[in-house]
Enquirer: 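Take this structure first; my questions come after.
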Amino acid sequence: MKTPVQRTRVKICGLTREEDIEAAVAAGADALGFVMWPGSARAIDEARLARLSACVPPFVTRVGLFVDQPPDEIRRCARHLDLVQLHGDETAEACAHLDIPWIKALRMRDGLDLHAEATRYAGARGLLLDAYRPGMPGGTGETFDWSRIPANLAKPVILAGGLTATNVAEAIQRVRPYAVDVSGGVEAAKGVKDPVSIRAFLSQVFHTQAP
Ligand SMILES: O=C(O)c1ccccc1N[C@@H]1O[C@H](COP(=O)(O)O)[C@@H](O)[C@H]1O
């Protein structure tokens, strides 16, 4: 099904506290991300996921972020989630075996062919495009060259990587993504969100009309 034209969706990622969930939802976020990868400073465990997930109102999507983690671990967390974000080097075959909707994160290393990736990850609900920095799976706070994103990609694009209230309007106008995803750009410290930055980010998105 072709995705109809609509306003740009927003995911706020790396939530660890109830008050940050409240701030993101109040500001109008469509999706909230929980980092389940223990290597991150924003990681939460399954018990905290269960508590935070219970605070999320209906019609706001709960997204679990995993990096090359065992399918059993993903399945255990899945009961608290609506969608998983696979942010490592997961193969298309491994992704296809999951019984929860998933998006595939791709780090924009040199030479990456996004059309080929869209074909490879045919079961993905969308492709999340993030900056590439060797040795770091994501959450770098860095942007990448948005002109590398083709306009006619076969999957909805979720644009990530170094977005802030200052650059998100330009990002939407240039890329016209299905959604934008932000973590570091709305933080006071790693894993601690700043409500003022969250509101500023969402306000920019809501006031930006893609051409
Ligand atoms: O947030 C993390 O710590 C993280 C760890 C491992 C993989 C991805 C991670 N975060 C995701 O990275 C992008 C960009 O984040 P930022 O806005 O540049 O800080 C975003 O999708 C986060 O969900």
Side-chain angles (χ1 to χ4, degrees), residues 8-17 20-21 24 27 29-45 48-49 52 56 60-69 73-74 77 81-90 95 102-109 112 114 117 121 124-146 148-149 155-172 175 177-194 197-198 200-202 204-205:
T8 311
R9 308 288 165 125
V10 182
K11 169 172 167 271
I12 308 281
C13 199
L15 295 155
T16 65
R17 313 185 309 162
D20 295 345
I21 291 177
D30 301 285
L32 306 175
F34 303 104
V35 179
M36 304 312 297
W37 178 57
S40 169
R42 304 175 178 114
I44 59 169
D45 62 16
R48 175 154 280 271
L49 172 66
L52 294 180
V56 179
V60 176
T61 305
R62 302 161 303 170
V63 184
L65 187 157
F66 298 85
V67 179
D68 296 319
Q69 284 159 264
E73 206 172 308
I74 299 177
C77 296
L81 299 169
D82 304 300
L83 184 76
V84 298
Q85 173 176 332
L86 302 167
H87 217 109
D89 295 321
E90 297 86 1
C95 297
W102 52 278
I103 56 176
K104 184 70 190 81
L106 301 170
R107 295 181 299 147
M108 295 293 294
R109 63 176 190 279
L112 189 74
L114 286 175
E117 296 297 315
Y121 293 103
R125 301 297 174 105
L127 296 178
L128 185 148
L129 307 181
D130 193 6
Y132 175 73
R133 194 206 284 177
M136 257 186 102
T140 62
E142 290 167 14
T143 56
F144 63 91
D145 178 2
W146 299 326
R148 293 178 58 200
I149 305 173
K155 292 280 171 192
V157 167
I158 301 131
L159 182 65
L163 294 177
T164 64
T166 306
N167 65 13
V168 71
E170 185 192 344
I172 290 170
V175 179
Y178 170 76
V180 289
D181 183 12
V182 60
S183 188
V186 294
E187 269 179 347
K190 289 233 187 256
V192 179
K193 298 304 187 215
D194 171 26
S197 302
I198 289 178
F201 187 89
L202 277 137
Q204 284 296 315
V205 175

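Side chains included, hydrogens not; waters and symmetry mates left out as well; all remaining heavy atoms used. In listed order, ligands and their atoms are each counted from 1.
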Enquirer: Counting each atom of ligand 1 from 1 as listed, which ones have a heavy atom of G184 under 4.0 Å away?
Expert: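 By the 4.0 Å cutoff, the relevant atoms are 16 (P), 17 (O), 19 (O).
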Enquirer: Among G14, A43, S40, G139, which one has a heavy atom closest to atom 3 (O) of ligand 1?
Expert: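 It is S40 whose heavy atom sits nearest to atom 3 (O) of ligand 1.
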Enquirer: Is the backbone N or O of A179 less than 3.5 Å from a side-chain atom of T8, with the two atoms forming a donor-acceptor pair by type?
Expert: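 Not confirmed, T8 side chain does not pair with A179 backbone.
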Enquirer: So is there a nitrogen or oxygen of C13 less than 3.5 Å from a nitrogen or oxygen in ligand 1?
Expert: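 There is no such contact.
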Enquirer: I need the F144 CZ to R133 CZ distance, nearest 0.5 Å.
Expert: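 Going from CZ on F144 over to CZ on R133, the span is 15.0 Å.
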Enquirer: Between H87 and D68, does any side-chain donor sit less than 3.5 Å from a side-chain acceptor?
Expert: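 H87 vs D68: no donor-acceptor pair found between side chains.
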Enquirer: Suppose I only count heavy atoms of Q85 and a 4.0 Å limit; which atoms of ligand 1 are within that range?
Expert: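 The atoms of ligand 1 under 4.0 Å from a heavy atom of Q85 are 21 (O), 23 (O).
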Enquirer: Judging by distance only, is a nitrogen or oxygen of G162 under 3.5 angstrom from one on ligand 1?
Expert: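 Yes; the residue has a nitrogen or oxygen that sits under 3.5 Å from a nitrogen or oxygen of the ligand.
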Enquirer: Please state which part of M136 comes within less than 4.0 Å of ligand 1, counting heavy atoms only: side chain, backbone, both or neither.
Expert: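 Within the 4.0 Å criterion, M136 makes no contact with ligand 1.
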Enquirer: So is W37 polar-close to ligand 1, meaning N/O to N/O under 3.5 Å?
Expert: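 In fact, backbone or side chain, W37 has no N or O that close.
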Enquirer: Considering only heavy atoms, does K190 approach ligand 1 within less than 4.0 Å through its side chain, its backbone, both, or neither?
Expert: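 K190 to ligand 1: no contact under 4.0 Å from either part.
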Enquirer: Does the pair K104/E117 count as a salt bridge with the N-to-O cut at 4.0 Å?
Expert: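 Between E117 and K104 there is no salt bridge, as every charged N stays at least 4.0 Å from the carboxylate O atoms.
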Enquirer: What I want to find out is whether D181 reaches K11 closely enough, with some N-O distance under 4.0 Å, to be called a salt bridge.
Expert: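 Looking at K11 together with D181, the answer is yes, because their closest N to O distance falls below 4.0 Å.
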Enquirer: Is the shortest distance from a heavy atom of K11 to ligand 1 less than 4.0 Å?
Expert: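 So K11 counts as touching ligand 1.
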Enquirer: Using a 6.0 Å cut-off, check whether atom CZ of R48 has over 12 heavy atoms from anything other than its own residue.
Expert: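 Above 12, so yes.
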Enquirer: Does V182 reach ligand 1 with a nitrogen or oxygen that is under 3.5 Å from one of the ligand's nitrogen or oxygen atoms?
Expert: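 No, no N or O pair falls under 3.5 Å.
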Enquirer: Taking distance alone, with N or O pairs closer than 3.5 Å, would you say V67 contacts ligand 1?
Expert: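 For ligand 1, there is no N or O atom that lies under 3.5 Å from one belonging to V67.
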Enquirer: May I ask you to list the atoms of ligand 1 that are less than 4.0 angstrom from any heavy atom of A160?
Expert: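 Counting atoms of ligand 1 from 1, those under 4.0 Å from A160 are 21 (O).
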Enquirer: Does a salt bridge link R148 with D145, judged by any charged N lying under 4.0 Å from a carboxylate O?
Expert: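 Not counted as a salt bridge, because no side-chain N and carboxylate O are separated by less than 4.0 Å.
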Enquirer: Does at least one non-hydrogen atom of G141 fall below 4.0 angstrom from an atom of ligand 1?
Expert: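 A heavy atom of G141 does come that close to ligand 1.
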